[in-house]
Structures are given as C-alpha cells and as structure tokens.
Trainee: 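Okay, here's the structure, questions in a sec.
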Amino acid sequence: MRWSNYYLFTTREVPKDAEVISHRLMIRAGMIKKLAAGIYTTLPFGSRSMTKLATIVRRELDAKNALELTMPTIQPAELWQESGRWQAYGKELLRVNDRNGREFCYAPTAEEVITDMVRKDIRSYKQLPVNLYQIQTKFRDEIRPRFGLMRGREFLMKDAYSFHADAESLDVTYRDMHDAYCAIFAACGLDYKVVEADTGNIGGSDSHEFMVLAQTGESDIVSCDCGYAANTEKAVTGALPAPEVELGEMEEVATPDQKSIAEVSQFLGKSADQFVKTLLYTSENEEVVVVCIRGDREINEIKLANALDVQYPVLATDAQVQEITGAPVGFAGPVGLKEARLIVDPSAAALESFVCGANKDDAHLVNVQWGRDVEKGEVIDLLLADAGDPCPRCGDTMQKTRGIETGHIFKLGCKYSEAMGCNFLDAEGRDEPMIMGCYGLGIGRTVAAAIEQNHDDDGIIWPKPLAPFTVLLMALDPQNEEVSAAADQLYGELQAKGIDVLYDDRKERPGVKFKDADLIGIPVRAVIGKRGLSDGKIEISERHDREKHLVDVGEALAKLVELAG
RNA sequence: CGGGGCGUGGCGCAGUCUGGUAGCGCACCUGCUUUGGGAGCAGGGGGUCCCCAGUUCGAAUCUGGGCGCCCCGACCA
C-alpha cells in the first residue's frame, strides 16, 4: 500500500477527553474516530489490526471444530422475555421499536438467538455436541463508556456457544476453548493471565477470564505463585492471620463523634483489625441484612449479591440504619440486632474478641465475644481479597495486579435451555435440556490491550501478528529519482513476497516521516535516502529497539523477509 | 443515579464576567526556498459561535428551555 493513496492521517494533538494511552495512540495513529460516547468508527488502518486478530481467532477456533455463523444484531423481545433477561438485563439493553411498534433489542450477546436456533434444529443426542461462533458487533448501553475501545458501547466481539448432551462433553469443549484462547493470546504476543471469575448476569456455574496484564486495566486480580489466580470479584483467601487481642468483659465505652473505624481505632488505641465493621444492606426484595466484616477489610458486594441471590445489594439509607440500630450511621454493631438476618464474614467470625458499634449514639462496645455476648449468625465468605492475603490453595502470600478482561468463558449449564425449552432426546428416549457453554473474546478490546502493553513515548510498538502492516518502507526524498526508483523496486519485491508493506512515498520532510513511523509502530522499517543510497546501503531497523542496520541494497529484500517472518 | 465541568473552522484553545457582528496555534491550499527526526517566508480557503425561544437598536456574550460530550463518585458503618 502506498501511503500517498491510503486513508491514514496521523495527528500531533489528541482530543482532551482521551486519557489512557491506547485510546490516545489509536486516535493519533488514525485507527479510530469517535462518533458518539462509546461509539467509534474503525478506520482502514485500525481495521487491518482487527482483521488480523479475527484471522487468528478463526484459525484457533476452527482448529477446535467450532463453526462460524452470523446472527442478527437486532433481536426480537419475545426471545429475551422467554429467558427472563428482558427484565433482568436492565438499562444496558438497548431497546428499539420497529414501524409497527414491535419491540426489539440490539444484541449485547446472543444466547437467546442461538438457543432458539438450536432448539429448532437439533432433536437427538446424536447431533451433539455443537460449538458455534460469530464475530459480530454488540451493543451494551454502559453506565460510563470510557477509554476508547476498552469500554465502548458498540464493540466487536467474538462470541461462541456450545451445546451438549452431558457435563463431560461440556468439560471437553470448555477445555478446548480455554486452550484456544491461550493459543490466541500467546499468538498475539500478549502477557496474559487466566483467572477464576464471577459469572455476572450471563449466569452459569464455572467461569474463567483472560486478563491482559496492564495498569490501566479495570479489573483487579489476585494471584499466587502456586498457580491460583482470580478476579477479586470472585477470589477467595485462606484464613487471615488473627490479630492478638486481650480478653475481658464486654463493656460500653463513650466514643463521642467517633464514627469511622479509623477514628475509633485511633481514639481507643486499638488497631482496625480488632474491630468488627457492621454494614446494613437492602436489595430489590427489601429485606434488610446485617453484614459483619473485620474492621480493616472491605465487603465484596458481588459475593454478597450471590449469597443473597439478589441482583444489586445496596447500603441501607441513613434512615433505615437509624430505624434498625436505633443509632445514627457509624455506631452499628451485631449485639442486640435480633430482628434482622446476620451474615458474618470469616475474617470477623475468627476474632476472639472485638470492638463494635453499640447501636447507640456516640458509643462502642469493647471486648465483645461471639457466643458469649452475641450469636454469630451465618458465616459466609464476603471478603474482598487484597494483596498480601494468604492463597486459598497453598497459604502463600498473594499478589494483586490489574488486568484488561479480553476473554471470558462460562459453563452456562441449563439456564437458557431450560428457560427456552432447548431439549434433545437422549439414548433412552428421554427429553432433556441441553447443557451449554459460552465463550466471549473482545476483538477491539484485545487490540487496545495490545497497545496498552506495547508502546513507548513515541507511539505504538505492534506485536507482529497484530500489526496493520509488517514492513514500513520509507522513501526519504521521493522527488529524487534514484531514491524513488530504488524504493519502488523494493516495494514491488516485498509485495511479490506477500509481505504486508506500507510504502511511505509521501512528499513530506524526513522528520515528519520518522515521527509518523514511530507513532504508527510498524514492526520493521526500511529507510531509503540518497545519503545511504550513494554508498549502496539501505537502513533497516525494528520498531522495538530502533537499532539501525545498514544493509547492501542487494541484500535488503532477504533481510526484510527474514525480519518480517 | 448523584456531583462537577465543557460545547466557538478538522484538532487544541482565547474571546463570554463588562453585549457592538470572531481570533490564535496546529492542520489544509498556492508559490518560492529547504530536505536524515514534526522547516522558513509570503499569500489564501474554511466557522448558521450545539439547538430553540426570549431580552435588546444590536447576542458567541444576558435570560429560560432543550440536546450533546467529558470527568469524578456510586468504597462505607
């Protein structure tokens, strides 16, 4: 491709709303352009990267016998009502009406449509398993789209769905997809981690996320050298080391205006890990739940939602706290709260003696003991895991890192097949719901993640497999006939070798071309200028180290082919 | 959903408080010079100042309504 004929316009400045590096670089390098909040046009240069990733994805999935199809992006409401997600998905589901007023939605995912298709086509266990995928645009009306392609509303995703006669068959496909995803991310040259994950509103049992490690990621991961790794939404820990406490009789102490754990901790001279933090939650079913956790730790609200089997637990209002505890916010404790359901995290349950609110204005209780002074209630893990916590498998100290969720695989079980009557006849002639799995991979997000992980101050440093072009051929002074003749010839030869080459034949000054070259980050660069050419040399370098090698004109092609490989 | 901020050529901004008919840098076009790390000089094109209504002789500027966009928060007992 000759740059002079191409649609690639770089910019020196970026819109002020672009904050993360991949977003800035994708705009500056002419890959994407914003149309509306979280909605982007992918320009030709960006499109090439996406296509390269899609090709890798297809190759690895096809190798696992997954079959590509294409489903509509506009889906009828009836299917979503059947699965129950027309209500459950909430505002993220973009709903539209056609000219007759019939309700549709723009697909955020395609479980309903694929399940509807399969229930109509497949009757027998002999036709199972099947694994079907598409690479198709999705729309999710996110609360807060941000970071360009990292969290867009409209985005390109590969989604796959498998159907099985039994759990063993699902296990095999799940493993296949796990391996395919590993192959895909490895092929892209990305530093990634597979972690245990919560299933969120997709539903189902077992689930893993593929995280590209980057500080700008929106997910927290804890991991251990032994191999355990999990999203903090899901992560469990070993028992926390118990703090040393003095034992004594329960006693009320005055703590005027000392509301937060930090304040009371300082006021009483006791560390925060000797406290029990008591929080009141409500949810859509309006039951108030009292939750206790150790004073220095945080509640994982995803775990709480799962424990309560609700969608969104929310903290009780100040008025509700006043009504139930009889005290303003800041003085809640488990002692004497008989009316409400009490859930205690193991971190709090393990305390031999602790400090908590007295359910009375300006007062706390010290030396409280479970069993003696207050019933323990249900002990359920609600802890938000953090760096330094013990690994649940081996007990070693875990680390915390951040990652970008680029892939997510689920064992769905029968959630959709039961709701939608997607059944088959087994060998005994019994009607059974199919067991399902689903597997997502964000195409645009993975490309953004690749940039997040591979760049420097001057621009993108593409991993070769995702690079829009493999070789950038620069003619420094295309007006000079010798230079342009040599460059034209090399360009033709590279094309003949099947190499993706971008030929910078623009009539720009050298400085502009070098800056652009660094910005767009093509892995291999060949520079032809009259200075080198007078000695019969072409300068070849790679973007990742920019080390310059002068190569004889006659050897340049072979060298470039070697580096491109 | 709550809080804050912003909408002025393609991009980044000034002008708004104190109303008088729009400007700067980058980008773009033409010419000359320059040509190995975002050149110089000269000339030039491009804006219903987000939209609607109102006040006024006069509105980018004041008032009201709407739309769009961004950031922060949704972390506490």
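Chain A is the first sequence line, chain B the second, and so forth, proteins listed ahead of strands; every chain is numbered from 1.
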Trainee: On the side chain of A:R28, is there an atom forming a donor-acceptor pair with the base of B:G38 - under 3.5 Å, no angle test?
Mentor: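 Such a pair is found, so the answer is yes.
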
Trainee: Taking pairing as Watson-Crick or G-U wobble with both contacts under 3.5 Å, can you name the mate of B:A42, or confirm there isn't one?
Mentor: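 Answer to the pairing question: B:U30, which forms a Watson-Crick or G-U pair with B:A42.
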
Trainee: Give every pair of a protein N or O atom and an N or O atom of nucleotides 72-74 of chain B that lie under 3.5 Å apart, one pair per line with the distance.
Mentor:
{"unit_1": "B:C72", "atom_1": "OP2", "unit_2": "A:R144", "atom_2": "NH1", "d": "2.7"}
{"unit_1": "B:C72", "atom_1": "OP2", "unit_2": "A:R144", "atom_2": "NH2", "d": "2.4"}

Trainee: Which whole number of Å gives the distance between the P atom of B:C28 and that of B:G38?
Mentor: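 Going atom to atom, P in each nucleotide, I get 16 Å.
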
Trainee: Is there a residue in residues 530-542 of chain A whose heavy atoms reach under 4.0 Å of RNA chain B, and which residues are they?
Mentor: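 A:R531, A:G532, A:E539 - these, ordered by number, are the residues of the stretch whose heavy atoms sit under 4.0 Å from the strand.
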
Trainee: Take atom C1' in B:A59 and the same atom in B:U21, then report the distance between them in whole Å.
Mentor: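 Those two atoms are separated by 9 Å.
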
Trainee: So among A:D386, A:T232, A:D389, which one has a side-chain hydrogen bond (donor to acceptor under 3.5 Å, both in side chains) with A:K400?
Mentor: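 Per the side-chain hydrogen bond (donor to acceptor under 3.5 Å, both in side chains) rule, the option paired with A:K400 is A:D386, out of A:D386, A:T232, A:D389.
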
Trainee: In whole angstrom, give the distance that lies between atom CZ of A:R294 and atom P of B:A77.
Mentor: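 After rounding, the reported distance stands at 17 Å.
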
Trainee: Can you tell me how far C1' in B:G45 sits from the matching atom in B:G5, rounded to whole Å?
Mentor: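 Here B:G45 and B:G5 have their C1' atoms 34 Å from each other.
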
Trainee: Across the strands shown, which category fits A:F275 at heavy-atom distances under 4.0 angstrom: base, sugar-phosphate, nothing?
Mentor: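 No contact.
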
Trainee: Under a 3.5 Å limit for both distances, which nucleotide forms a Watson-Crick or G-U wobble pair with B:G2, could you say?
Mentor: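 In the structure as shown, B:G2 has B:C72 as its Watson-Crick or wobble partner.
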
Trainee: Side chains of A:V355 and A:V276: closer than 4.5 Å at any heavy-atom pair?
Mentor: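 No. Closest side-chain heavy atoms not under 4.5 Å.
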
Trainee: Determine the contact category for A:G330: base if any of its heavy atoms lies under 4.0 Å from a base atom, sugar-phosphate if only primed atoms, P, OP1 or OP2 are that close, otherwise nothing.
Mentor: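 Touches sugar-phosphate only.
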
Trainee: Could you label the plane-to-plane angle of the A:Y491 and A:Y503 rings as parallel, tilted or perpendicular, counting under 30° as parallel and over 60° as perpendicular?
Mentor: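 Aromatic pair A:Y491/A:Y503 classed tilted.
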
Trainee: Output the residues of residues 506-513 of chain A in contact with RNA chain B, where contact means a heavy atom of the residue under 4.0 Å from an atom of the strand; sort by number or write none.
Mentor: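 Heavy-atom contacts with RNA chain B come from A:R509, A:P510, A:G511, A:V512.
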
Trainee: Examine distances only and state if a side-chain atom of A:N231 and a backbone atom of A:E209 form a donor-acceptor pair shorter than 3.5 Å.
Mentor: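 Judged by distance alone, no pair lies under 3.5 Å.
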
Trainee: Quick one, give me the B/S/- string for nucleotides 2-14 of chain B, reading 5' to 3', where B means a protein heavy atom under 4.0 Å from the base and S means that only happens at the primed atoms, P, OP1 or OP2.
Mentor: ---------BSS-

Trainee: Check A:C105 against A:W86 and note the closest heavy-atom contact, atom names and distance.
Mentor: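 Taking every non-hydrogen atom into account, CB-CZ3, 3.8 Å.
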
Trainee: With a 4.0 Å cut-off on heavy atoms, is A:A316 in touch with a base, just the backbone sugar-phosphate, or nothing at all?
Mentor: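 Touches a base.
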
Trainee: Rounded to the nearest Å, what distance is computed from the CG atom of residue A:D296 to the P atom of nucleotide B:A77?
Mentor: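 These atoms are roughly 13 Å apart.
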
Trainee: Touch check for A:N480, heavy atoms < 4.0 angstrom, all strands: base, sugar-phosphate only, or nothing?
Mentor: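 The residue A:N480 makes no contact with any strand.
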
Trainee: How far, in whole Å, is B:C75 from B:C26 if one measures between their P atoms?
Mentor: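 Per the computed distance, 47 Å lies between those P atoms.
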
Trainee: Do the two ring centres, one from A:W370 and one from A:F354, sit under 6.0 Å apart?
Mentor: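 Yes, the ring centres sit under 6.0 Å apart.
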
Trainee: May I ask you to decide if A:K303's main-chain N or O and A:K234's side chain share a donor-acceptor pair within less than 3.5 Å?
Mentor: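 Here the side-chain-to-backbone pair does not exist.
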
Trainee: Which one of A:R153, A:K91, A:R151 satisfies the salt bridge (Lys or Arg N to Asp or Glu O under 4.0 Å) criterion with A:E142?
Mentor: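 Filter result, single survivor: A:R151.
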
Trainee: Rounding to an integer number of angstrom, what distance separates B:C6 and B:G12 when you compare their P atoms?
Mentor: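 Nearest-Å result for B:C6 against B:G12 at atom P: 15 Å.
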
Trainee: Please report the distance separating the P of B:U16 from the corresponding atom of B:A60, rounded so that it comes out in whole Å.
Mentor: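 Result for the P pair: 14 Å, nearest Å.
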
Trainee: Starting at atom CD1 of A:I261, determine the distance to atom C1' of B:C75, rounded to an integer number of angstrom.
Mentor: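 In whole Å, B:C75 C1' and A:I261 CD1 are 14 Å from each other.
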
Trainee: Looking at every strand, decide which applies to A:S260 at a 4.0 Å heavy-atom threshold: base, sugar-phosphate, or nothing.
Mentor: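 Touches sugar-phosphate only.
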
Trainee: Closer than 3.5 angstrom, by distance alone: can the side chain of A:R85 be matched with the main-chain N or O of A:W80 as a donor-acceptor pair?
Mentor: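 Checked: no pair found.
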
Trainee: Figure out the CZ/P separation between A:F354 and B:A77, and round it to whole Å.
Mentor: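 Result: 17 Å.
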
Trainee: Would you find a donor on one side and an acceptor on the other, under 3.5 Å apart, between the side chain of A:T11 and the backbone of A:E13?
Mentor: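 Checking the backbone N and O of A:E13 against the side chain of A:T11, a donor-acceptor pair under 3.5 Å is found.
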
Trainee: Give one of base, sugar-phosphate or nothing for A:A37, where a contact means two heavy atoms less than 4.0 Å apart.
Mentor: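 The residue A:A37 makes sugar-phosphate contact but no base contact.
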
Trainee: List for me each residue that meets ring-ring contact (aromatic ring centres under 6.0 Å, His included) alongside A:F514, sequence neighbours excluded, and say none if there are none.
Mentor: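 For A:F514, no residue satisfies ring-ring contact (aromatic ring centres under 6.0 Å, His included) once neighbours in sequence are set aside.
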
Trainee: Taking only the P atom of each, what is the distance from B:G54 to B:G58 in whole angstrom?
Mentor: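 Each nucleotide's P atom is 12 Å from the other's.
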
Trainee: Taking A:S260 for the side chain and A:E263 for the main chain, is one N or O donor matched with an acceptor at less than 3.5 Å?
Mentor: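 Yes, A:S260 side chain to A:E263 backbone: donor-acceptor pair under 3.5 Å.
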
Trainee: When you get a sec, tell me which of B:C75, B:G37, B:A77 is the closest nucleotide to the side chain of A:K515?
Mentor: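 My answer, after comparing the listed nucleotides, is B:G37.
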
Trainee: Could you check which of B:C69, B:A77, B:G37 has an atom nearest any side-chain atom of A:A36?
Mentor: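 For A:A36, the side-chain atoms sit closest to B:C69.
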
Trainee: Identify the residue among A:R144, A:R146, A:R445, A:R402 that makes a salt bridge (Lys or Arg N to Asp or Glu O under 4.0 Å) with A:E218.
Mentor: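 So the option named by the test is A:R146.
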
Trainee: Apply salt bridge (Lys or Arg N to Asp or Glu O under 4.0 Å) to the pair A:E252 and A:K360, showing each step before the final yes or no.
Mentor: CA-CA 10 Å; A:E252 185 179 311; A:K360 198 192 260 187; 3.1 Å; yes

Trainee: Applying ring-ring contact (aromatic ring centres under 6.0 Å, His included), name anything that partners A:F45, two or more places apart in sequence or on another chain.
Mentor: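 Listed in chain order: nothing, the list is empty.
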
Trainee: Taking only the P atom of each, what is the distance from B:G25 to B:G40 in whole angstrom?
Mentor: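 Between the two P atoms, the distance is 12 Å.
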
